[in-house]
Amino acid sequence: MRLFLLFLLFPALVQAETFEWFQTQIENHQMVEMLESKARATEAMGKMQGSWGDPVFKIAANNYPKDTLKNNETPMTGIQYSVMQKISLSTKYGNIERSYEALAESVQMEKEQRKRLMRAELWKQAISLRKIVRDIEVLKENLDWVESMITVSKKLYSNGKLAQQGLLEIQIRKTNIETKILEIEFMKKEVESLLGYLAGVEENKILDLKSVPWTHLQDKLAGENDFEEKRLEKELEASELGLKSSKQNYIPDVTIGVAYTKRANIDNKGDFVGASVSFPLPFSGSKYANHSNAAHMKLTKERAWRNYKLQKKSKLSELEFKSQKIEQELSILNKKTLNFAKSARDVTSRSYRIGNASYIELLNAELNLQNYLLKQTELESKLDGIKIERALLSGGQI
């Protein structure tokens with residue numbers, strides 16, 4: 001069993017990557033590149049939707065006699081060349097293009113937020129990995145202690161001072177600790193799998209804990225890089241421009257055309273020229289429906305933005321209270337509880353060696369200390385996790 005544990009603790013030589021390497025990989029992650037492409041596609045769509053459209057060139061054969069199809073039998077016969085162009089009488093298309101530009105910027109903000117989320121996840125996995133390592137250290141130290149107590153128990157058993165049941169119970173306790181170490185080791189594999197995804201590769205990756213800038217968590221992680229709020233602001237800006245363009249859509253576009261007709265000149269009047277102006281009549285309900293949709297969309301985006309700000313304030317306040325609670329728990333645990341638990345185990349183990357304490361008292365003292373030590377690593381990890389959450393929400397540097 002111990003050899004198997006050592007095999008898990010020291011797997012085949014695989015290079016551990018630095019924290020900085022993972023951060024660099026995140027910059028070029030497939031998810032990040034996907035959002036960059038989406039932003040560029042949205043910007044290109046804006047240029048397309050904001051265009052007046054191409055001019056239309058038309059060639060028409062006019063008024064040819066159906067029996068002969070000759071061009072010199074009537075003065076109205078000729079080949080007509082015409083060019084038509086749609087022209088907007090408002091700044092509607094400019095607002096449409098700017099609306100898409102704002103949407104493209106919102107996608108850019110989404111991309112930056114995605115990178116922050118992935119960096120935050122990297123921090124969380126580093127914290128989880130550190131907890132795993134510390135928990136294993138606690139359990140291995142306890143395993144060594146239990147083994148020493150097994151040696152003592154065997155002597156007590158051989159001297160008739162301990163029942164066989166007591167010896168078996170302590171040996172069972174040893175196997176429980178070994179099982180716990182195995183469980184935690186498999187949790188480490190899960191972390192390595194997630195690290196592989198963050199690195200954008202198919203295989204699992206190992207993080208060098210010594211390369212993690214832990215002192216960064218001691219700084220006040222505040223700033224103005226809340227890209228989620230900026231994304232919502234850009235979406236609101238896009239919806240406002242969309243509403244403005246929908247109002248301008250009531251002013252119809254005008255199509256202006258000019259024509260030149262090449263004739264046989266039977267009547268000596270030369271070739272013909274012409275001009276035309278056309279525009280749609282707003283009899284359908286499409287423009288009204290479009291305006292109503294844009295108005296509701298703008299209201300939706302505004303409410304989403306306001307809700308996020310309220311939720312952000314509430315969440316930051318909640319995290320602050322949680323942080324204070326954990327800090328107080330840790331303070332009591334470090335200054336009092338752990339000292340008491342260590343003393344209790346030492347006193348109980350000395351009494352057990354001379355036969356003045358039962359194996360049940362021994363196991364209870366050992367289990368209490370182990371649980372308090374594991375609670376210490378859990379609280380420390382939770383506290384650092386809250387720091388990352390607060391930094392993510394407040395726009396701090398991660």
Side-chain angles (χ1 to χ4, degrees), residues 31-58 82-117 224-259 274-312 395:
M31 178 62 72
V32 175
E33 294 296 328
M34 181 271 288
L35 290 171
E36 177 65 27
S37 298
K38 181 180 177 181
R40 293 179 181 178
T42 303
E43 186 176 2
M45 178 63 72
K47 293 184 182 299
M48 181 181 73
Q49 296 292 338
S51 171
W52 285 1
D54 296 329
V56 177
F57 176 70
K58 178 182 177 181
S82 60
V83 177
M84 292 169 285
Q85 174 65 57
K86 182 176 68 176
I87 297 175
S88 176
L89 300 179
S90 67
T91 59
K92 173 179 66 177
Y93 290 101
N95 287 326
I96 290 175
E97 184 172 354
R98 284 192 291 274
S99 175
Y100 275 92
E101 287 174 355
L103 282 177
E105 290 178 20
S106 77
V107 178
Q108 288 288 356
M109 296 301 103
E110 183 182 357
K111 182 190 78 172
E112 295 301 321
Q113 180 68 2
R114 176 58 58 181
K115 289 195 291 186
R116 282 175 55 77
L117 287 169
E224 298 180 355
N225 295 323
D226 187 355
F227 292 105
E228 179 63 15
E229 183 175 346
K230 293 179 180 180
R231 179 186 71 83
L232 292 171
E233 288 174 351
K234 285 298 178 181
E235 287 188 352
L236 176 58
E237 179 183 342
S239 67
E240 289 172 343
L241 288 165
L243 178 58
K244 187 175 181 180
S245 67
S246 71
K247 291 178 180 178
Q248 293 173 317
N249 201 36
Y250 287 116
I251 303 174
D253 296 334
V254 174
T255 300
I256 297 177
V258 292
S276 65
V277 175
S278 62
F279 55 87
L281 297 176
F283 291 159
S284 73
S286 62
K287 288 182 171 59
Y288 305 97
N290 181 54
H291 177 249
S292 178
N293 176 69
H296 287 296
M297 184 60 68
K298 187 257 183 183
L299 188 59
T300 299
K301 297 301 181 182
E302 183 177 5
R303 287 173 173 169
W305 173 66
R306 293 184 183 279
N307 178 70
Y308 176 78
K309 295 187 72 175
L310 286 172
Q311 191 177 44
K312 173 182 173 180

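- Within the 4.5 Å cutoff, the side chain of Lys86 has heavy atoms near those of the Tyr93 side chain.
- Taking CD1 of Ile251 as the reference point, atom OG of Ser90 lies at 5.0 Å (rounded to 0.5 Å).
- With salt bridges taken as basic N to acidic carboxylate O contacts below 4.0 Å, one links Lys115 and Glu112.
- Ionic pairing of Lys301 and Glu235 is present here: one or more N-O contacts between side-chain nitrogen and carboxylate oxygen are shorter than 4.0 angstrom.
- Counted within 6.0 Å of NZ on Lys38, heavy atoms from surrounding residues, nucleotides or ligands total 12 or fewer; the atom is thus considered open.
- A salt bridge is defined here as a Lys NZ or Arg NE, NH1 or NH2 lying under 4.0 Å from an Asp or Glu carboxylate O, and Asp226 with Lys312 meets this definition.
- You'll find the side chain of Val83 stays beyond 4.5 Å of the side chain of Lys58, heavy atoms only.
- No hydrogens or angles considered: nothing links the side chains of Gln85 and Thr255 as a donor-acceptor pair under 3.5 Å.
- In terms of heavy atoms, Val107 sits closest to Leu35 at CG1-O, 3.3 Å.
- Between Gln113 and Leu117 the shortest side-chain heavy-atom distance falls below 4.5 Å.
- Atom-to-atom distance recorded for Gln248:CD and Leu89:CG is 11.0 Å, nearest 0.5 angstrom.
- Of all heavy-atom pairs spanning Ala294 and Ser246, the tightest one is CB-OG, 3.6 Å.
- Closest non-hydrogen pair, Tyr100 versus Met45, comes out as CE2-CG, 3.4 Å.
- If you take CD on Glu240 and OG on Ser99, they are separated by 10.0 Å, rounding to the nearest 0.5 Å.
- The distance from the OG atom of Ser239 to the CD atom of Glu302 is 8.0 Å, given to the nearest 0.5 Å.
- Other residues, nucleotides and ligands contribute at most 12 non-hydrogen atoms within 6.0 Å of the CE atom of Met297.
- Ser88 and Trp52 get closest at one heavy-atom pair: CB-NE1, 3.6 Å.
- Between Glu43 and Arg40 there is no salt bridge, since no side-chain N of the basic residue sits under 4.0 Å from a carboxylate O of the acidic one.
- Thr300 places a side-chain N or O within 3.5 Å of a backbone atom of His296 that can act as its donor or acceptor partner.
- Proximity of Lys92 to Asp253: side-chain heavy atoms (C-beta onward) are separated by under 4.5 Å at one or more points.
- Taking 4.0 Å as the cut-off between side-chain N and carboxylate O, Lys234 and Glu237 count as a salt-bridged pair.
- Proximity of Phe57 to Ser82: side-chain heavy atoms (C-beta onward) are nowhere separated by under 4.5 Å.
- Atom CE of Met48 sits in a crowded spot, with more than 12 heavy atoms from other residues, nucleotides or ligands closer than 6.0 Å.
- A heavy-atom distance below 4.5 Å is not found between the side chains of Arg303 and Arg306.
- Electrostatic pairing of Arg114 and Glu110 does not count as a salt bridge here, judged by no charged N lying under 4.0 Å from a carboxylate O.
- Here the CG atom belonging to Leu243 is positioned 7.0 Å from the NZ atom belonging to Lys298, to the nearest 0.5 angstrom.
- In summary, of the residues considered (Lys230, Arg231, Glu36), a side-chain hydrogen bond (donor to acceptor under 3.5 Å, both in side chains) with Gln108 occurs for Glu36 alone.
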Stepwise side chain to side chain contact (heavy atoms under 4.5 Å, CB included) test for His291 and Asn249: CA-CA 8 Å; His291 177 249; Asn249 201 36; over 6 Å; no
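- Judged as a ring-ring contact (aromatic ring centres under 6.0 Å, His included), and not counting sequence neighbours, Phe279 has no contacts.
- Distance CH2/Trp305 to CD/Glu228: 14.0 Å, rounded to 0.5 Å.
- Residues Glu97 and Gln49 are not in side-chain contact: their nearest non-hydrogen atoms beyond the backbone lie 4.5 Å or more apart.
- Remark: the backbone N or O of Ala289 is not paired with any side-chain donor or acceptor of Ser292 at under 3.5 angstrom.
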